[in-house]
Structure formats: structure tokens, C-alpha cells
Amino acid sequence: DKNDADPYTGREWDTGKKDLEFACTFPLPSGPKNCLDEQYKNACDCDGQKLPPLCDTATPTTQVRGKAYPTIREFSVVRALGDQGIISSICPIKVVDNAEHTDPLYGYRPAVKTIVDRLKNALSIQCLPQALTVDTAGEVPCLILETLGTNGPETTCTDGATFPGRSIPEATILSKVRETQAAESGGDAGGDDLTKRPVCKLKQIVVQPGDTCKDSPEAGWCYVTNAAGKTPSGTCQQAILFTELASRAVGSRFSLQCIRSSEGSTASTSDAGK
């Protein structure tokens with residue numbers, strides 16, 4: 001009969017076909033609440049009539065635990081999304097944070113971390129549909145420009161102490177970028193005028209097939225391919241990979257331009273991200 005007889009669901013209870021068994025129950029972080037109080041009207045589970053494993057056993061109108069329901073439909077949707085889906089339990093592991101407010105298991109931090117990690121991976125690697133030609137120096141004909149964010153610690157392309165690997169692009173290239181940015185900004189004085197942000201060229205880091213530049217101390221990128229049991233490009237045949245430092249840029253916008261040879265002609269591919 002104890003509400004915490006099971007560490008996850010609390011205990012079994014007769015729902016009277018008016019409710020579902022819970023996926024989990026957990027202590028209310030704000031403490032017990034009296035369901036007879038007007039402020040909790042229609043927001044309390046302990047009316048004194050039904051006895052779910054959420055109520056004080058001595059005072060059935062006092063709620064001491066929260067609940068979460070099984071999410072079969074949500075799981076089905078996430079499964080249908082495949083690699084794009086992210087699933088995490090709504091049941092908190094811990095409902096009380098530590099004094100430093102840094103407990104990774106508190107509340108929904110595990111779920112948020114999963115989302116952040118997935119987005120981080122999505123922004124740090126860009127799959128390419130076709131292989132690129134590598135020159136004698138090991139480089140590929142790609143140019144990656146970064147428009148710096150407005151809320152990050154970096155302010156210039158030459159701040160090598162904070163973000164080594166950035167440089168100022170050639171004047172002709174920068175001029176074309178500014179034209180595009182002006183068109184995107186649309187002349188909206190109240191919006192985000194991209195032409196006022198610094199634009200930097202990211203360094204290309206040469207790596208061998210199967211190797212990666214992810215842990216390079218510079219803000220740069222590399223062209224990666226899988227080889228000999230090493231999979232730096234993941235499920236891609238080939239990819240552009242950003243270094244850890246570059247992928248941590250706050251509020252930056254990246255543009256990628258690659259030229260590849262195809263039956264005697266040239267073509268370009270481009271991609272952008274925030």
C-alpha cells in the first residue's frame with residue numbers, strides 16, 4: 001500500500017477505468033499540496049474519492065507525488081522519424097538540484113542534453129552527395145565562411161587567442177557576401193543586419209582518409225572520408241567536418257561553397273547553418 005513500493009510507478013491501484021496506470025511517479029519538488037484549496041482546483045489528483053499512488057495515505061486529499069503517463073503514440077511518431085527523432089523520458093531522475101545548480105540528472109536536463117548533442121552533431125558535420133577532388137596538397141576546392149554571432153564572445157576574425165583558425169576573406173569574396181547579406185536583411189532597420197557582422201574565412205585542415213580534425217585546437221574544418229574501420233564521416237560516404245572549437249561558436253552562420261569536377265565541367269554546391 002506504500003506510494004513508493006515501486007521506485008518508478010509507486011504502486012498498483014484500481015483506476016476504475018477512469019484513468020491509466022502511470023509510467024512513473026515522483027515527489028513533488030514544491031512539496032505537498034492540499035487539493036481542497038481553491039488555487040489547486042482542476043489541478044490536483046487527490047479528491048479523497050480515488051486513491052492513486054500520488055496522495056498522502058493518511059490524508060487522501062493531499063497530493064505528495066507527480067505523475068507521467070505512458071507515451072505509446074509519441075514513441076510511434078519518433079520511430080517513424082527515424083534518425084531525426086529524439087526520445088527521452090518525461091520522468092525526472094532527480095527533482096531536487098544540487099547547490100551549484102549543475103546536477104546533470106536534475107529535472108529535464110538529460111532530455112535537453114540529448115537534444116543539444118543531436119543538434120551539435122548535425123551542425124558539426126555536413127554530408128556531401130559526391131566525392132570531391134583532392135589536390136596535391138591534400139586540400140579540396142571548398143570555401144567556408146562564418147558570419148559571427150551577435151551574442152558570442154568573439155568579435156573579430158583575427159582574435160587568434162580565443163578562436164585561432166579564422167582569417168579575413170579576400171576583398172572580392174567579401175564584397176559578394178555583403179551583397180547577398182544585404183538582400184537577405186531586406187533593409188529592415190529593426191531586424192538583424194548581417195552586413196554589420198564580421199565575416200571570417202575558416203581554415204581548411206588537411207587529414208588523411210579515416211582521420212578527423214574534430215579535436216584540432218583551431219576553429220576550422222576538414223574533408224573526411226571513412227577508411228580502414230574508421231568512420232569520421234559517420235553514415236556519409238564523404239563529409240565536411242567542423243572542429244570542436246568551430247562548432248561551439250554562438251549565434252554564427254556558416255556558408256559552404258564547394259567546386260567539384262564532373263565530366264569536364266564544374267559545378268558548385270552550397271549549404272548554410274546557424
Side-chain angles (χ1 to χ4, degrees), residues 81-86 113-149 152 154 157-170 173-174 176-177 198-274:
L81 289 173
D83 292 339
Q84 298 183 57
I86 299 175
K113 182 179 184 302
T114 300
I115 295 173
V116 170
D117 287 346
R118 180 69 64 84
L119 291 176
K120 183 177 179 181
N121 290 335
L123 293 176
S124 64
I125 187 168
Q126 301 290 324
C127 293
L128 297 176
Q130 295 189 25
L132 299 176
T133 301
V134 180
D135 64 18
T136 55
E139 295 187 344
V140 292
C142 291
L143 174 67
I144 294 183
L145 299 177
E146 177 186 8
T147 302
L148 299 186
E154 67 279 12
C157 302
T158 56
D159 185 10
T162 305
F163 279 86
R166 292 190 177 116
S167 62
I168 299 174
E170 296 178 8
I173 294 175
L174 183 58
K176 292 293 184 182
V177 171
V199 174
C200 308
K201 176 183 176 181
L202 278 185
K203 180 180 180 180
Q204 179 177 172
I205 301 172
V206 175
V207 297
Q208 297 300 313
D211 291 337
T212 175
C213 65
K214 182 179 179 181
D215 296 326
S216 170
E218 297 181 291
W221 60 276
C222 54
Y223 175 66
V224 296
T225 55
N226 298 332
K230 299 179 180 180
T231 57
S233 57
T235 57
C236 312
Q237 292 298 318
Q238 55 277 320
I240 295 295
L241 181 70
F242 288 88
T243 65
E244 180 71 19
L245 184 59
S247 64
R248 289 206 308 262
V250 180
S252 290
R253 294 167 60 102
F254 296 90
S255 63
L256 162 66
Q257 191 76 22
C258 292
I259 307 297
R260 60 177 175 79
S261 299
S262 176
E263 297 181 358
S265 62
T266 61
S268 65
T269 59
S270 63
D271 197 3
K274 294 183 180 179

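Computation of the quantities below employed the complete heavy-atom set of this structure, encompassing side-chain atoms and omitting hydrogens, waters and symmetry-equivalent molecules.
A side-chain contact (heavy atoms from CB on, under 4.5 Å) with Y223 is found for one member of I205, L128, L241 and no other, namely L128.
Of all heavy-atom pairs between C157 and P198, the closest is SG-CB, 4.4 Å. For the pair C127 and A239, the tightest heavy-atom approach, listed with the atom from each and the gap, is CA-CB, 4.0 Å. Heavy-atom minimum distance, F254 versus I144: CD2-CG2, 4.3 Å. Nearest approach of C222 to T212, heavy atoms of both residues: SG-C, 4.3 Å. Between P169 and V199, the shortest heavy-atom contact is CD-O, 3.2 Å. In plain terms, the two heavy atoms of A219 and L202 that are nearest each other are O-CD2, 3.2 Å.
Residues P232 and N226 have side chains in contact (heavy-atom distance under 4.5 Å, counting atoms from C-beta outward). Between D211 and P209 the shortest side-chain heavy-atom distance does not fall below 4.5 Å. Counting only heavy atoms from C-beta outward, the side chains of L143 and K201 approach each other to under 4.5 Å. Between P164 and L245 the shortest side-chain heavy-atom distance falls below 4.5 Å. In this structure, the side chains of V177 and L145 come closer than 4.5 Å at one or more pairs of heavy atoms.
Atoms OG1 and NZ, on T225 and K230 in that order, are 11.0 Å from each other to the nearest 0.5 Å. Atoms CD and SG, on Q204 and C142 in that order, are 7.0 Å from each other to the nearest 0.5 Å.
Under the 3.5 Å distance criterion, the side-chain polar atoms of T231 are left unmatched by any main-chain donor or acceptor of S233. Under the 3.5 Å distance criterion, the side-chain polar atoms of D135 are left unmatched by any main-chain donor or acceptor of V140. In terms of modelled atom types and a separation under 3.5 Å, the side chain of S252 and the main chain of L148 share no donor-acceptor contact.
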I would like to know whether R166 and E146 meet salt bridge (Lys or Arg N to Asp or Glu O under 4.0 Å); could you show each step before the answer? CA-CA 9 Å; R166 292 190 177 116; E146 177 186 8; 2.7 Å; yes
Would T243 and D215 satisfy side-chain contact (heavy atoms from CB on, under 4.5 Å), going step by step from the backbone distance to the final call? CA-CA 6 Å; T243 65; D215 296 326; over 6 Å; no
